[in-house]
Amino acid sequence: MNNVYFDNAASTPMDPEVFEHMKPYFCEHVGNPSSTHAHGRNLRNAIEQARRTIAKHLNATPQEFFFTSGGTEADNTAILGAVKGYDLKHIITTPIEHHAVLHPVESLEKAGMKVTWLSVDSKGNIDLAELREALANNSRSLVSIMHANNELGTINDIHSIGELCKEFDAIFHSDTVQTMAHEKLDLQAINVHFVTASAHKFYGPKGVGFLYVRKGIKIPALIEGGSQENNRRAGTENPASIAGMAFSLDKCFANLEAKNEKLWALKNYMKAELETHFPGVTFNGEVAPGKSLPTVLNVSLPCGENDCMLLFNLDLMGISASGGSACTSGATVGSFVLKAIGASTGALKNSVRFSFGMQNTQEEVDFVIGKLKEIVSPQLA
Ligand code: PLP
């Protein structure tokens with residue numbers, strides 16, 4: 001075994017069935033979906049069918065969705081659009097959002113926007129009382145809080161956050177990139193105005209995603225040009241990717257329980273094996289069902305003050321994982337998420353995020369445990 005991929009939170013491998021579904025859209029189904037002739041209409045139908053499939057699974061209407069180039073564009077469109085469209089003067093968010101949220105918020109802050117950065121506890125949870133206070137003490141706010149954290153796997157209670165936003169008439173955007181097609185999401189039951197998705201996080205193609213905008217919410221387009229997507233996102237649509245994304249989402253929802261059972265079994269197995277073979281190992285973020293994603297296990301290995309150079313060594317051994325510390329210009333820089341939850345210096349240096357997908361096996365976990373022993377044991381001697 002020399003090719004183990006445990007970085008599914010970064011990107012899942014594309015499901016071959018999804019690829020088969022996409023193929024005809026490259027060479028067979030020619031035309032532009034905006035054209036009114038038969039070729040154009042054929043592609044338009046495929047796009048509208050995809051929109052209906054997505055809407056059905058999320059209990060929303062097709063008109064509430066438009067397609068984007070992925071999660072980053074969807075997050076940017078929601079945040080910048082809400083601020084501009086509603087002339088908002090205050091944003092509430094957390095320091096452990098994905099950069100697709102952090103960077104637009106930081107740009108707005110530099111330009112004079114008031115931003116309340118909520119605190120997070122040692123497992124990446126927010127405090128709802130603090131959110132209430134921030135909402136109560138400010139004029140109409142945009143709240144941007146992710147559904148689940150991509151590094152830690154910790155899940156936020158977006159239902160309760162949505163209820164608070166309703167009470168204070170705030171606009172609520174949630175980056176749902178890590179939970180979309182992994183968890184059930186009923187958009188009628190949750191008071192959220194924007195959610196986002198990226199197909200390559202659920203076995204679909206890279207470079208395509210969508211933004212849900214609740215009926216009645218009006219935001220300006222981020223990308224201007226043609227009148228595609230009902231004037232909400234200019235540019236010729238990508239029918240192959242859109243059809244592939246909807247097919248993949250449909251398949252994920254059809255197998256949700258079995259899929260999550262398998263992923264939980266893998267995560268729990270790896271956690272138990274790590275605890276057996278590495279006394280002193282700790283886990284970053286929540287790890288229990290209901291509070292965390294089955295796809296993510298963020299681990300701090302007991303290397304003391306030494307640097308086990310985990311990602312580097314794992315890579316040499318044919319194992320792809322990520323998170324934890326990343327080597328930039330020769331200096332080891334700890335993860336900003338781990339820093340924000342107050343991880344120790346040792347944990348900052350010696351953490352790694354393993355993230356699981358449907359293709360992974362228990363044998364791969366065993367292989368990784370064996371290799372981790374080779375890496376960590378000499379550091380302890
Ligand atoms: N938000 C979260 C939580 C993510 O994990 C990612 C991808 O890493 C993104 C947004 C960005 O998505 P995309 O890669 O489609 O731009």
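Counting starts at 1 for both ligands and their atoms, in listed order.
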query: If you measure every N/O of Gln178 against every N/O of ligand 1, is any gap under 3.5 Å?
result: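 Such a contact does occur with ligand 1.
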- request: Would you check whether His200 reaches within less than 4.0 Å of ligand 1, judged by its heavy atoms?
  value: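 His200: in contact with ligand 1 (<4.0 Å).
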message: Looking at ligand 1, would Lys201 count as a contact under a 4.0 Å heavy-atom criterion?
response: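 Yes, Lys201 has heavy atoms under 4.0 Å from ligand 1.
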Could you tell me whether a side-chain N or O of [X] sits under 3.5 Å from a main-chain N or O of [Y], the two making a donor and an acceptor?
X: Ser35; Y: His37; value: no
X: Ser174; Y: Thr176; value: no
X: His182; Y: Lys201; value: yes

message: Distance alone, cut at 3.5 Å: any donor-acceptor contact between the side chains of Asp7 and Ser320?
response: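 There is no such pair between these side chains.
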same_hphob_cluster(Leu128, Val120) at 4.5 Å side-chain heavy-atom cutoff: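 Result: yes, single cluster for both.
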field: Subset of ligand 1 atoms that lie under 4.0 Å from at least one heavy atom of Asp75
entry: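 Heavy-atom distances to Asp75 below 4.0 Å select 1 (N), 10 (C).
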- prompt: Quick one: which ligand 1 atoms are inside 4.0 Å of a heavy atom on Gly70?
  reply: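 Answer, ordered by atom number: 15 (O).
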Tell me the protein heavy atom at minimum distance from [atom], and give that distance in Å.
atom: atom 15 (O) of ligand 1; value: Ser198 OG, 2.6 Å
atom: atom 11 (C) of ligand 1; value: Thr72 OG1, 3.4 Å
atom: atom 4 (C) of ligand 1; value: His98 CD2, 3.2 Å
atom: atom 10 (C) of ligand 1; value: Asp175 OD2, 3.5 Å

- prompt: Considering only heavy atoms, which of Ala199, Ala148, Gly71, Gly207 lies nearest to atom 13 (P) of ligand 1?
  reply: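 When every heavy atom of Ala199, Ala148, Gly71, Gly207 is considered, Gly71 comes closest to atom 13 (P) of ligand 1.
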- prompt: Pick from Glu64, Glu229, Glu237: which one makes a salt bridge (charged side-chain N to carboxylate O under 4.0 Å, His left out) with Arg51?
  reply: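 So, applying the salt bridge (charged side-chain N to carboxylate O under 4.0 Å, His left out) to Arg51 and each of Glu64, Glu229, Glu237, only Glu229 qualifies.
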Option from His147, Lys291, Gln178 for which side chain to side chain contact (heavy atoms under 4.5 Å, CB included) with Ile155 holds: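 For Ile155, the side chain to side chain contact (heavy atoms under 4.5 Å, CB included) check succeeds only for His147.
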